[in-house]
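Read the structure below first, then the notes.
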Amino acid sequence: DVQLVESGGGSVQAGGSLRLSCAAEGYTDRLNRMGWFRRLPGQEREGVAAIGRARGSTDYTDSVKGRFTISQDNAKNTVYLQRNSLKPDDTAMYYCAASEWCSYRRRLVRDGYQYWGQGTQVTVS
């Protein structure tokens with residue numbers, strides 16, 4: 001099994017920066033990709049960004065392109081989500097996800113992932 005341990009969330013002032021971290025623990029050898037999802041207040045969970053572990057190729061949902069950056073440190077089995085110039089509408093519950101599957105079309109789709117972190121709240125005011 002794989003466990004995802006998230007950190008870096010909290011309350012941040014508008015205009016500030018935030019980097020979320022997610023460390024994968026357990027049997028991680030089969031992981032193909034990792035990603036970040038978020039649930040905006042009153043909305044469904046949606047994909048934010050994904051990264052392939054082998055090649056580092058990234059995908060972003062259209063609404064966050066140019067605003068978020070996903071990166072990884074494979075030596076630490078850790079994925080990051082960076083955001084500068086935070087805005088109040090960045091407030092959401094952010095979830096780390098990991099998958100052993102290879103489907104390209106599901107890289108930003110909830111059903112494309114089998115492992116999930118507990119979520120970390122980001123509040124921007």
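- Cluster membership for Val79 and Leu108, using ILVMFWY side-chain heavy atoms within less than 4.5 angstrom, is not shared.
- Considering CG of Asn77 and CZ of Arg53, their distance stands at 5.0 Å, rounded to 0.5 Å.
- Put simply, Leu18 and Tyr80 are part of two different groups of oily side chains (I, L, V, M, F, W, Y) that touch within less than 4.5 Å, one to the next.
- Here CZ of Arg107 is found 4.0 Å from OG of Ser57. Values are rounded to the nearest 0.5 Å.
- Exactly one residue among Leu81, Thr58, Asn84, Thr61 makes a side-chain contact (heavy atoms from CB on, under 4.5 Å) with Phe68. That residue is Leu81.
- Other residues, nucleotides and ligands place no more than 12 heavy atoms under 6.0 Å from the CD atom of Glu44.
- Ring planes of Tyr113 and Phe37: perpendicular class, angle over 60° (limits at 30 and 60°).
- Scanning all heavy atoms of the two residues, the minimum distance from Gly9 to Val122 falls at CA-CG2, 4.3 Å.
- Of the possible donor and acceptor atoms, one in the side chain of Tyr60 sits under 3.5 Å from a partner among the backbone N and O of Ile70.
- Looking only at distances, no side-chain donor or acceptor of Arg67 sits under 3.5 Å from a matching main-chain atom of Arg83.
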With side-chain contact (heavy atoms from CB on, under 4.5 Å) as the test, would you mind laying out the steps for Cys96 and Trp36 before giving the verdict?
CA-CA 5 Å; Cys96 178; Trp36 287 97; 4.0 Å; yes
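- Taking CZ from Arg110 and OH from Tyr95, the interatomic distance works out to 8.0 Å, rounded to the nearest 0.5 Å.
- Residues Ser85 and Ser17 share a closest heavy-atom pair of N-OG, 4.4 Å.
- Annotation: the span from Asp1 atom CG to Tyr115 atom OH amounts to 6.0 Å, rounded to 0.5 Å.
- No donor-acceptor pair closer than 3.5 Å links the side chain of Thr123 to the backbone N or O of Thr91.
- Within 6.0 Å of CD on Gln118 lie no more than 12 heavy atoms contributed by other residues, nucleotides or ligands.
- Judged purely by atom type and a 3.5 angstrom limit, Glu6 uses its side chain to pair as donor or acceptor with the backbone of Gly119.
- Arg38 has a carboxylate O that lies under 4.0 Å from a charged side-chain N of Glu46, or vice versa, which qualifies the two as a salt bridge.
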Kindly determine whether Leu31 and Glu100 satisfy side-chain contact (heavy atoms from CB on, under 4.5 Å), including the steps that lead there.
CA-CA 4 Å; Leu31 293 180; Glu100 299 175 357; 4.1 Å; yes
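- One finds the CD1 atom of Ile51 at 13.0 Å from the CZ atom of Arg33 (value rounded to the nearest 0.5 Å).
- Hydrophobic clustering (ILVMFWY, side-chain heavy atoms < 4.5 Å, transitive): Met93 and Trp116 are in one cluster.
- Heavy atoms only, all atoms of each residue included: Ala92 and Tyr94 are closest at O-CD1, 3.4 Å.
- With Thr69 contributing its side chain and Gln82 its backbone, the two residues share no donor-acceptor pair below 3.5 Å.
- How far NZ of Lys76 is from SG of Cys22: 14.0 Å, rounded to the nearest 0.5 Å.
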